[in-house]
There are 2 protein chains.
Amino acid sequence: MPDIKHFDPDSTLDQVVRLFWQRGAEVTGIAEVVQATGLSRSSLYATFGGKAQLQAAALGRYLERQSRPVFDALAADDRGVPAIDAFFERLVAARCRGEHARWGCLVTNTHATASGDLPGIRETLDHHHDALRAAMGAALEKARTKGQLRSGLDLEAAAEALTLQAYAVNLRSRAGAEAGLLLAGVRAVLDGFTTTEER
Amino acid sequence: MPDIKHFDPDSTLDQVVRLFWQRGAEVTGIAEVVQATGLSRSSLYATFGGKAQLQAAALGRYLERQSRPVFDALAADDRGVPAIDAFFERLVAARCRGEHARWGCLVTNTHATASGDLPGIRETLDHHHDALRAAMGAALEKARTKGQLRSGLDLEAAAEALTLQAYAVNLRSRAGAEAGLLLAGVRAVLDGFTTTEER
DNA sequence: TCTATCTTGGAACGACTATTCCAAGATAGA
DNA sequence: TCTATCTTGGAATAGTCGTTCCAAGATAGA
């Protein structure tokens with residue numbers, strides 16, 4: 001009996017992600033969302049329920065579509081240190097070149113913007129952090145079995161360090177940092193973890 | 001002949017810095033500034049000239065009062081690696097404990113929030129980055145002369161890496177990251193740069 | 001075709017935003 | 001004390017914020 005939606009909520013959320021990612025969620029008004037998506041306030045509120053929930057949904061979508069595939073690729077890559085190196089090469093390239101250049105990372109940006117008053121956001125940030133650290137840890141373990149790592153290296157701490165580097169890359173790239181400089185910094189860290197120069 | 005200001009612009013700016021630092025500059029309204037400082041809109045606009053300029057002034061003040069003293073202390077510390085270690089210990093402590101706990105760093109936060117449309121902001125961010133990297137570099141050079149560093153270490157890249165770690169500490173601490181975890185990550189990087197464990 | 005039920009466009013809401021304006025108050029030299 | 005010149009409080013501006021509401025439109029089963 002009822003009518004059905006005249007638009008695709010899924011692709012709409014993707015558009016919202018792009019908007020929040022590039023411009024910043026907090027400073028992006030509903031009017032901009034309306035204009036970017038082309039649909040009306042009614043449909044927007046009926047589907048997503050408000051700005052805060054839309055923000056949370058966009059963050060979740062970003063994590064699922066942008067972050068997780070890359071994390072999974074890292075965790076599944078069996079090469080060890082070269083896998084980590086490839087991860088950062090792709091990361092820096094994505095942050096400094098192409099259509100998403102200077103956009104940074106939505107999750108990283110949210111760290112600085114979300115005032116903690118939004119429920120569930122903090123948990124999502126921690127989940128993102130844990131996921132990346134776990135993927136880093138998995139790659140490091142493979143590197144260890146291959147004898148690529150310095151003896152006595154604390155794998156947990158090393159995984160955390162590399163994860164932190166990724167955040168910094170996201171952050172500085174938004175300010176227009178040079179890709180070469182970012183990569184040099186990352187590789188200095190990675191070199192400190194490895195036995196010899198295998199690059 | 002004229003009247004003089006009934007307040008101290010200098011201490012007012014300090015109050016504004018605290019406000020922007022803790023709550024975020026973009027989401028903090030003039031009304032909040034008025035309430036926090038106790039003075040009127042007229043005085044505020046006559047003295048600072050508007051939100052954007054107030055934001056720029058606050059950022060500059062933060063850099064001068066908060067960042068630079070710490071950078072200078074790092075650059076002046078002749079101990080080498082222990083100087084860098086002390087820098088991060090103080091950084092993590094300041095970000096995770098005390099009155100500024102979970103506030104992050106105003107400069108770091110600005111990376112994620114400032115939309116690039118504000119003139120002069122980007123230059124300030126780059127200046128901050130260069131200053132910290134230079135201080136790190138100076139400390140690393142002293143460490144090298146003392147024989148504390150691994151042979152073949154690229155000092156420029158190492159300085160950049162440590163600077164990036166500092167950004168990440170600032171960012172993650174705002175989300176409530178554990179001090180111990182952050183320090184472990186930093187020390188993993190530092191350990192990779194040193195010859196032996198001298199801690 | 002009729003109708004129950006959902007969706008949609010767009011007007012309207014009050015609360016907020018940054019900024020401007022002006023009369024009233026304060027100051028310091030004459 | 002007088003006065004020119006600044007500062008100050010606070011009202012008022014136009015615009016935007018997120019949100020709500022309702023009549024009009026669309027849909028799919030009866």
Side-chain angles (χ1 to χ4, degrees), chain A residues 1-13 15-60 109-110 113-121, chain B residues 1-59 109-110 113-121:
Chain A
M1 286 181 185
D3 193 1
I4 64 167
K5 285 195 199 303
H6 299 179
F7 66 97
D8 179 21
D10 242 47
S11 67
T12 296
L13 189 54
Q15 289 183 279
V16 175
V17 166
R18 287 181 59 89
L19 203 60
F20 285 176
W21 184 5
Q22 182 180 19
R23 307 237 316 103
E26 332 275 321
V27 297
T28 303
I30 294 292
E32 286 180 82
V33 177
V34 167
Q35 190 173 8
T37 60
L39 41 84
S40 73
R41 292 168 139 79
S42 312
S43 313
L44 218 52
Y45 276 84
T47 308
F48 300 103
K51 174 92 184 270
Q53 297 167 64
L54 183 59
Q55 215 171 319
L59 188 61
N109 299 343
T110 305
T113 55
S115 329
D117 45 5
L118 298 154
I121 294 286
Chain B
M1 285 180 186
D3 193 0
I4 64 168
K5 284 195 198 306
H6 299 182
F7 65 96
D8 180 21
D10 242 48
S11 67
T12 296
L13 190 53
D14 283 333
Q15 289 183 280
V16 175
V17 166
R18 286 181 60 88
L19 202 60
F20 284 176
W21 183 7
Q22 182 180 20
R23 307 238 312 104
E26 332 275 320
V27 297
T28 303
I30 293 292
E32 285 180 83
V33 178
V34 166
Q35 190 173 8
T37 59
L39 42 84
S40 73
R41 292 169 141 77
S42 313
S43 314
L44 218 51
Y45 276 85
T47 308
F48 300 102
K51 174 91 184 272
Q53 298 167 63
L54 183 59
Q55 216 172 318
L59 187 61
N109 298 344
T110 305
T113 55
S115 330
D117 44 6
L118 298 155
I121 295 284

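Just so it is clear, the values below take in all heavy atoms, side chains as well, and ignore hydrogens, waters and symmetry mates. Note on naming: letters A, B, ... go to the chains in the order of the sequence lines (proteins, then strands), and numbering restarts at 1 for each one.
Between Leu13(A) and Leu54(A), some side-chain heavy-atom pair lies under the 4.5 Å cut-off. Using a 4.5 Å heavy-atom threshold, the side chains of Leu39(B) and Val33(B) count as separate. Using a 4.5 Å heavy-atom cutoff, the side chains of Ile30(B) and Tyr45(B) are in contact. With a 4.5 Å cut-off on side-chain heavy atoms, Phe20(B) and Asn109(B) do not count as touching.
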Check the interface with nucleotides 7-11 of chain C: list each N/O to N/O pair with the protein under 3.5 Å, or write none.
unit_1, atom_1, unit_2, atom_2, d
dT7(C), OP1, Lys5(A), NZ, 3.4
dT8(C), OP1, His6(A), N, 2.5
dT8(C), OP2, Ser43(A), OG, 3.0
dT8(C), O5', Ser43(A), OG, 3.2
dG9(C), OP2, Ser40(A), N, 3.4
dG9(C), OP2, Ser40(A), OG, 3.4
dG9(C), N7, Ser40(A), OG, 3.4
dG9(C), N7, Ser42(A), OG, 2.7
dG9(C), O6, Ser42(A), OG, 2.4
dG10(C), O6, Ser42(A), OG, 2.5

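Counting only residues at least two apart or on different chains, the side-chain hydrogen bond (donor to acceptor under 3.5 Å, both in side chains) pairs with a member in residues 46-60 of chain A are Lys5(A)-Thr47(A), Glu26(A)-Gln55(A).
Per the geometry, CD belonging to Glu32(B) stands 13 Å off C1' belonging to dA18(C), to the nearest Å. Lys51(A) has its NZ atom 17 Å from the C1' atom of dT20(D), to the nearest Å. Rounding to whole angstrom units, CD of residue Gln35(B) and C1' of dT17(C) are separated by 16 Å. In this structure, the CZ atom of Phe48(B) is 14 Å from the P atom of dT19(C), given to the nearest Å. dC17(D) atom C1' lies 14 Å from atom CD of Gln55(A), rounded to whole Å. Taking atom CG of residue Leu54(A) and atom C1' of nucleotide dT19(D), one finds them 13 Å apart after rounding to whole Å. For the pair Leu44(B) CG and dT20(C) C1', the computed distance is 14 Å after rounding to whole Å.
Atoms CG and CD1, from Leu59(A) and Ile121(A) in turn, are 5.0 Å apart once rounded to the nearest 0.5 Å. Note that OG1 of Thr37(A) and CG of Leu44(A) are 5.5 Å apart. Values are rounded to the nearest 0.5 Å. For the atom pair CD of Gln35(B) and CD of Glu32(B), the computed distance is 8.0 Å after rounding to the nearest 0.5 Å.
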Legend entry - Dot-bracket line, read 5' to 3' along DNA chain D, where crossing pairs take [ ] and | marks a partner on another strand, Watson-Crick or G-U under 3.5 Å: ||||||||||||||||||||||||||||||
